2 protein chains.
Amino acid sequence: MLTRVRSAVAHLVSSGGAPPPRPKSPDLPSATAAPPAAAPEAPKSPPARPGSGSRAPAKTAEARASFSRPTFLQLSPGGLRRADDHAGRAVQSPPDTGRRLPWSTGYAEVINAGKSRHNEDQACCEVVYVEGRRSISGAPRESSRGQGLCFYYWGLFDGHAGGGAAEMACRLLHRHVQEQLKDLVDILQDPSPPPLCLPSTPGTPGFSDRSHLVGPQPCWSLQKEVSHESLVIGAIENAFQLMDEQMARERRGHQVEGGCCALVVVYLLGKVYVANAGDSRAIIVRNGEIIPMSREFTPETERQRLQLLGFLKPELLGSEFTHLEFPRRIQPKELGQRMLYRDQNMTGWAYKKIELEDLRFPLVSGEGKKARVMATIGVTRGLGDHNLKVCSSTLPIKPFLSCFPEVQVYDLTQYEHCPDDVLVLGTDGLWDVTNDCEVAATVDRVLSAYEPNDPSRYTALAQALVLGARGTPRDRGWHLPNNKLGSGDDISVFVIPLGGPGSYS
Amino acid sequence: MLTRVRSAVAHLVSSGGAPPPRPKSPDLPSATAAPPAAAPEAPKSPPARPGSGSRAPAKTAEARASFSRPTFLQLSPGGLRRADDHAGRAVQSPPDTGRRLPWSTGYAEVINAGKSRHNEDQACCEVVYVEGRRSISGAPRESSRGQGLCFYYWGLFDGHAGGGAAEMACRLLHRHVQEQLKDLVDILQDPSPPPLCLPSTPGTPGFSDRSHLVGPQPCWSLQKEVSHESLVIGAIENAFQLMDEQMARERRGHQVEGGCCALVVVYLLGKVYVANAGDSRAIIVRNGEIIPMSREFTPETERQRLQLLGFLKPELLGSEFTHLEFPRRIQPKELGQRMLYRDQNMTGWAYKKIELEDLRFPLVSGEGKKARVMATIGVTRGLGDHNLKVCSSTLPIKPFLSCFPEVQVYDLTQYEHCPDDVLVLGTDGLWDVTNDCEVAATVDRVLSAYEPNDPSRYTALAQALVLGARGTPRDRGWHLPNNKLGSGDDISVFVIPLGGPGSYS
């Protein structure tokens, strides 16, 4: 996330690059600890499979307070320093000798060119087991199929204005997903439609007894059938919300600085769920064809939602902003003239007479990478940002940001995938300087240079994508072969094979 | 619009089919009269080209008060009675002998099977001249190109809960479009980008002087370029809003009963603008390919907008509704159990413990044609409905309805059209029983049976589409050849040739 939060990044940079002081309160809960309150049972659930990439702090407590990288990178203290070097910008990947990531997932990352002290992207790859909700007696509830559920999970978290939110989301978001799925273990494995109503307490006798389900009501003949798929989507959506609420609760004690975009993939029961809140992007490249799996959420794509909120809740704008959009800042001397504007209901533009209120700064301004909400932030969905204020003001920006992801579903069973079919996830550091077609061309070029059953091909592809976006150093900058500027942002890429040598059990 | 407004239609039917009494206040403004206040200069603008289809009342004042049909149908008093006959449901089209509609547009309509006393659809086809805004002296402003603009206009208005709103929109909406375009006459004909800022008063000296345009501001380097196309979109959007406001102002004096969906096409300077507010639909069939030109706005497609409004403004829900969606009505005895729900941020479903507030009726309920806002109305955009209340309540529904259309643009110059390429507009009476593919097949079948230069082929196509949706009477109902039920709703269809013998001057 490059220069998309003006004030906070400015603060970070102006403080000489040193990380902000951390309080001596207890550390953030570790990846295997429970999200408190919101997910009280998490400590009792089985830990993630060892070696699957759960995050851990860097070697010393001091180093951890400064920065951390995914444990699946298996970085030594020296490796950590090299990963943190803005001058060299060495591409980092899991070692070829170690245990592979699930599905032989490829991963590569590189630190930014100096816009923030540390790499504020984080990455997570986990295999998570979900046991059904426990009964009152504490014994695991007997599932109708006698077993829990397992999901595969990948997450990219692109932090801004500090690394705290991205680190916390990286450690805990999959635990929230796990928690949300606990009530659904039986339901998702039962081919009949999900019950609309359940008894009050999970784990009480008869909880899984279908005779409790209430049929169509005589007083309201309308009854919707809800799919299994939409329950998983709802679980992921609520996991994002609970993660965000946890950040709000713990932001003082643990200094969860900043916010982060979150791009998450959950593979469960044959389907791939891609959840995106922010401006990272996921695409599937299948037999050369590009299938977009996410949309970016920016002040431009969410203009009407933002304006509507400002219109309905003008108190959120203070006396500094107007919910109307203007194509440029209005000068006081232009009062009474007529300016182009867009209201929250409009996609077109029209002229209006400039009144005193129109001299306020527009809630949404700029375009492309320079588009901003309240002149401050360039992304409109994500986690955290609870302390984010308008520059030189006490006006909070969080009310305009949404923590809810958009979830797209891809049924892996509907197509016979070959080893060259991949799901590519990248933070905006990748997509700022490339596009879907170029990425698809790189997929073809790199994968065809390796044997189909060589599991290292996906890491090689991730490295090629990161290198292609970073470029090479020249004339005090990073440049691409076409002489354009390379990305100076943190860049992180997952390459998930859909028909490769991975395990889909 | 069949049975999509429960309470109001019930009132109409229970009153024995007689139209509600009309006050003796002055008639609604005629098609050539100005929309008062909102468009004060309309009387001075040139009338629509004669014979182009401007609406007029039926022959006598009494008949007019009862119902009216488009004047371009040239119905005699006997013809009006036949058009109003629910038993015969004769298909109506402009006579083949009369002056053709612009572009040789085809049109056909049929009355409903008894759901309302009269046909509540209305149709309009006009050629409208736009003169630049007059100067203070009253003389027409000198245009930089020395001439005004001409636009072609087609509108379908599907009324509900009375015919008043549809009739008024049919007579006046194009006048509002004309009014909104007056300031743009010069700007749209000038190939340079539209000025962002204009002097205060249209018509003052220097109004069209480009030297008044302010360049990029040093204090805000961001400046958006606004396209000519988006100015036309903005003009159409504001015309819809002003039409709706006029209905609100005049609803008491003139008894503008009910509301209407509005589907409008404006052809201007080489581009076709399709504006839709409601559940009518427009598609282009081009060389057999289907190009959707509108989206339907229903409680299902607009669920999240509606829920967000209810969430942010709970006072709009009274004590009767909840903004949460449930898949069926909850019984009081289910308090404390856990029910599936969707909040405004969710696309998936999750379980929640049922609390007392959840026993309220959901703001959005049902699915498909039975989806409703506040258990009352099945369409969420349109004009009018200012008096619409929840059944047996004083709670207004209008705050949840939007009068703003979605505008899609089709550049007619980007493709060489043949006489078989058409834009088809239909009210939901057509689309309830057919789909895009079947309509495209009918386009192919009917047009291929006529010579390409036979202008009557488009009316024949419109008739075939209406007949195909109505079906034939059998067993006290209307049936299609596949034994499914035909549409019992009012059905209206325009077929606009894109490369036919029409005039595009």
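Every chain is numbered from 1, with letters handed out A, B, ... down the list of sequences. Remember, predicted model here, so these are calculated numbers, not experimental data.
- In this structure, chain A has a heavy atom under 4.5 Å from the side chain of B:K313, while its backbone stays farther away.
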(request) Apply side chain to side chain contact (heavy atoms under 4.5 Å, CB included) to the pair B:M346 and A:I233, showing each step before the final yes or no. (result) CA-CA 8 Å; B:M346 301 168 68; A:I233 295 171; over 6 Å; no

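- For A:I236, no part lies under 4.5 angstrom from a heavy atom of chain B.
- Of all heavy-atom pairs spanning A:Q223 and B:E367, the tightest one is O-OE2, 3.6 Å.
- Considering every non-hydrogen atom in both B:R338 and A:D183, the closest pair reads NH1-OD2, 2.9 Å.
- Summarising the geometry of B:I187 relative to A:Y351, their closest heavy-atom pair is CD1-OH, 3.6 Å, with the distance given to 0.1 Å.
- Nearest heavy atoms, A:L198 versus B:Q337: O-CB, 3.2 Å.
- Note on B:S227, B:S402, B:G348: by heavy-atom pairs under 4.5 Å with chain A, the leading option is B:G348.
- Heavy-atom distances place no part of B:L335 under 4.5 Å from chain A, backbone and side chain included.
- Within 6.0 Å of CD on B:E315 lie more than 12 heavy atoms contributed by other residues, nucleotides or ligands.
- Remark: B:F404 CZ to A:Q344 CD distance equals 7.0 Å, nearest 0.5 Å.
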(request) Check the pair A:L308, B:L308 against side chain to side chain contact (heavy atoms under 4.5 Å, CB included), reporting the backbone distance first and the verdict last. (result) CA-CA 10 Å; A:L308 177 65; B:L308 178 65; 4.1 Å; yes

(request) Begin from the C-alpha positions of B:I354 and A:C197 and carry the test side chain to side chain contact (heavy atoms under 4.5 Å, CB included) through to its verdict. (result) CA-CA 9 Å; B:I354 299 170; A:C197 192; 4.2 Å; yes

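- In this structure, CD on B:E229 lies 9.5 Å from OG1 on A:T347, to the nearest 0.5 angstrom.
- Both the backbone and the side chain of B:N345 come within contact range of chain A, with heavy atoms under 4.5 Å apart.
- Nearest heavy-atom pair across B:L340 and A:P195 is CD1-O, 3.6 Å.
- Interface remark: B:Q304 contributes no atoms to any contact with chain A (heavy atom separation under 4.5 Å).
- Heavy atoms closer than 4.5 Å to chain B are found nowhere in A:E406, neither backbone nor side chain.
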(request) Please assess A:R342 against B:S230 for the test side chain to side chain contact (heavy atoms under 4.5 Å, CB included), listing each intermediate value before the final yes or no. (result) CA-CA 10 Å; A:R342 276 201 291 196; B:S230 66; over 6 Å; no

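- What you find for B:G366 and A:K224 is that their closest heavy atoms are O-CE, 3.2 Å.
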